[in-house]
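Structure record follows, encoded as structure tokens.
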Amino acid sequence: PEQSASLSALISGFCPEQSSWLSGYLAGLGSSASTGPVNLTVAYGTESGNSEELAARTVKAAKGKGVKAVLRNLADLNPADLAKAENLAVIISTWGDGEPPEAVEGFYNAFVKESPDMKGLRFSICALGDTSYEKYCEIGKVFDERLEKLGGERITSREDCDVDFEEAYAAWLDRFLAELGGGESVAVAQASATPAVEYGKKNPFPSEVLDNVLLNGEGTAKETIHVELSLDGSGLDYQVGDALAVIPQNAEDVISDILKITGFSESEEVEHKAFGKTSLGDALRSKLDITGISRAVAKKFLALSPNTELEILLSDESKAEFSAWIWGRQIVDLLKTFPIEDLTAQQLVNILRKLPPRLYSIASSPKAHPGEVHLTVAAVRYQGHGKKRKGVASTFLADEAPVGEKVQVYVHANKNFRLPEDDATPIIMVGPGTGIAPFRAFVEERSERKASGESWLFFGDQKYNFDFLYQLEWQDYLKNKALTKLDVAFSRDQPEKVYVQDIMRKNAAELFQWLEKGAHFYVCGDAERMAKDVHEALIEIVSEYGKLSAEDAAAYVADLKKDKRYQRDVY
């Protein structure tokens, strides 16, 4: 009777969600008591932190169902470790067009080449990706197929999640834990495991623009802006190395072009699973991606009305031709080139994905700028097929975010891009163009902390007189010793083009000495060319001055990555 009275007093104050959670929790305990605890390993591979966050949430939800769960980073494992697990959930992202997250590259290469027998292993895959890329969720698909081939048994089918992954992830988690055992639907348990916050991804903060200035000088071919945003009253905080997610709005001229070619009215009511019912104008302005063409979007478009030319373009044999065709084109070009006579506003909305946020490396230290967050943004403008084109978020910030305007934002943690814990550790930073952003934050942070470790910055852009971003700040930091060395490369200031990798080679002997005394090496910027060229230069430097073969030099650099002494924030 005393226990009954205590329990009644306890649950009398419960809301319905708490009561449901407790019911599932007790059911999980009962299941564990009768059959023994279910052991689960949740392994993740992440580039920007999303997979790690979802993996942590999966562990919490599993534990809330009475499952014995552990969280593991694939970067810290080898394939044999997976074979030891009883039940395995892998949450992994695909980087760019079919690449594994950089931190797990070593694991991935070993996994696809030589792996032990996985018989007896039960598994499920949650794959993160971006439908704008041809090889959408490719790495998750490889894991799924490989584990099955090695003898593993699926607990539940793989879930492929787009940039807006919350709904798909929640559906996978519910299915997965229901099949795994330990209770009923986990939707409520999942919500309980993730503390509610006032502002964040699900509820972005309306941040006031404090400053918005052009960094380039007159005569430049570039348009790089410095944006300062207020976080006062948001409850949001960040660390240097993190990114800020900006929720942009589509440009009015792009919206107008779509309305003109379709004949639709802004006032028409439409509905989308991501945001419910709203007007077409509101959906086109702030809720849908109305520029990017992907194979997924084009295939949905083709399904509305057969078109031989588009069908051929979307065939597996024409992947290269399709990639070439979409370059410089947008949704309006799809509507113009392959018109559908009886297309409705609702059909158009159905084929479009939710407008994704854009992540920008934070260019400020919270210690140096309390209550603020700064960004360094290159406005994207170009000609494409006889028409002026522009990037959605970059030109939104450049054109539509003057001082006093509000911009929807939230902080996106990047645990894979962090300063050394020991302030005495030397750091080498390579950041051409807007890749300078996180290193401005790094130097500000170390200056505020009065760090004793040496710091060396490699910066590059087109013209010294026009494009030396934050030049006066770097000169001040050199004077007060917050920055030890600065080497620059301006590619258009001489007949032969000079890039950051070239000035790395010119300083190769000293750079290798810094690595040998424990320096951490950072790269930020373009992933397709710059980061690859810098990586190759680094291996060459290690090979020459470490007197190592090319293979051993590559292993040396791989060890730097494994020890988190070589970190990249590339895009």
Side-chain angles (χ1 to χ4, degrees), residues 94 96-98 127 129-138 141 160-164 168 250-275 277-356 380 382-392:
T94 295
D97 199 12
D130 184 338
T131 51
S132 65
Y133 287 97
E134 173 67 28
K135 295 183 179 179
Y136 171 58
C137 288
E138 177 71 11
K141 294 173 183 177
D160 294 339
C161 305
D162 200 359
V163 175
D164 185 30
N250 289 304
E252 291 299 324
D253 59 328
V254 179
I255 298 168
S256 177
D257 284 348
I258 288 179
L259 293 174
K260 184 177 180 180
I261 195 170
T262 59
F264 299 150
S265 167
E266 283 197 46
S267 61
E268 290 189 54
E269 185 178 79
V270 293
E271 187 173 4
H272 194 281
K273 65 179 183 179
F275 49 80
K277 292 182 179 180
T278 189
S279 69
L280 177 62
D282 180 54
L284 296 179
R285 187 163 289 105
S286 61
K287 298 201 168 39
L288 293 172
D289 181 355
I290 62 172
T291 56
I293 306 175
S294 65
R295 284 177 65 84
V297 168
K299 283 181 177 180
K300 289 179 183 179
F301 188 81
L302 176 63
L304 296 176
S305 178
N307 183 293
T308 303
E309 186 181 350
L310 181 56
E311 186 175 358
I312 293 172
L313 199 58
L314 284 168
S315 67
D316 289 341
E317 296 76 23
S318 302
K319 288 182 178 179
E321 289 82 356
F322 178 77
S323 295
W325 186 84
I326 64 174
W327 191 95
R329 287 187 169 94
Q330 298 179 340
I331 294 296
V332 68
D333 298 290
L334 191 65
L335 294 167
K336 284 181 179 178
T337 309
F338 309 105
I340 297 176
E341 187 173 342
D342 55 351
L343 180 71
T344 68
Q346 184 59 59
Q347 286 175 324
L348 174 62
V349 167
N350 288 345
I351 71 169
L352 301 177
R353 69 171 182 168
K354 185 179 176 182
L355 181 63
V380 177
Y382 60 99
Q383 283 284 135
H385 306 284
K387 186 175 177 60
K388 291 182 178 179
R389 313 284 183 170
K390 53 191 175 184
V392 176

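One N or O on the side chain of Asp162 and one on the backbone of Thr131 form a donor-acceptor pair closer than 3.5 Å. Remark: side-chain polar atoms of Thr94 are paired, donor with acceptor, to backbone N or O of Glu138 under 3.5 angstrom. Between the His272 side chain and the Leu352 main chain, a donor and an acceptor come within less than 3.5 Å of each other. Judged purely by atom type and a 3.5 angstrom limit, Arg295 uses its side chain to pair as donor or acceptor with the backbone of Leu314. Of the possible polar contacts, none joining the Ser132 side chain to the Ser294 backbone as a donor-acceptor pair under 3.5 Å is found. Remark: side-chain polar atoms of Gln346 are paired, donor with acceptor, to backbone N or O of Glu271 under 3.5 angstrom. In terms of modelled atom types and a separation under 3.5 Å, the side chain of Thr262 and the main chain of Ile258 share a donor-acceptor contact. A donor-acceptor pair under 3.5 Å is formed between the side chain of Asn250 and the backbone N or O of Leu284.
When only modelled atom types and interatomic distance are considered, Thr291 and Asp289 share a side-chain donor-acceptor pair under 3.5 Å. In this structure, a donor-acceptor pair under 3.5 Å is absent between the side chains of Asp333 and Thr337.
From Phe338, atom CZ reaches atom OG1 of Thr308 across 10.5 Å, with rounding to the nearest 0.5 Å. How far CD1 of Ile255 is from CD1 of Ile290: 5.0 Å, rounded to the nearest 0.5 Å. Distance check, rounded to the nearest 0.5 Å: CG of Leu348 to CD of Glu268 gives 10.0 Å. With values rounded to the nearest 0.5 angstrom, Ser279 atom OG is found 9.0 Å from Glu269 atom CD. One distance of note links CD1 of Ile326 with CD of Glu321; it measures 12.5 Å at 0.5 Å rounding.
Around OH of Tyr133, the count of heavy atoms belonging to other residues, nucleotides or ligands within 6.0 Å does not exceed 12. Under a cut-off of 6.0 angstrom, the local environment of CD in Gln383 is crowded, with over 12 non-hydrogen atoms contributed by other residues, nucleotides or ligands. Dense packing is recorded around NZ of Lys141, with more than 12 heavy atoms of other residues, nucleotides or ligands lying under 6.0 Å away.
Between Asp342 and Gln347, the closest heavy-atom pair is O-OE1, 3.7 Å.
Under 4.0 Å is where a charged nitrogen must lie from a carboxylate oxygen, and between Asp164 and Arg353 no such pair does. We find that Asp253 and Lys390 are joined by a salt bridge, their nearest charged nitrogen and carboxylate oxygen being less than 4.0 Å apart.
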Original post:
Would Lys273 and Lys354 satisfy side-chain contact (heavy atoms from CB on, under 4.5 Å), going step by step from the backbone distance to the final call?
Top reply: CA-CA 9 Å; Lys273 65 179 183 179; Lys354 185 179 176 182; over 6 Å; no
**OP:** Apply side chain to side chain donor-acceptor pair (under 3.5 Å) to Asn307 and Glu311, showing your working.
**Re:** CA-CA 6 Å; Asn307 183 293; Glu311 186 175 358; over 6 Å; no
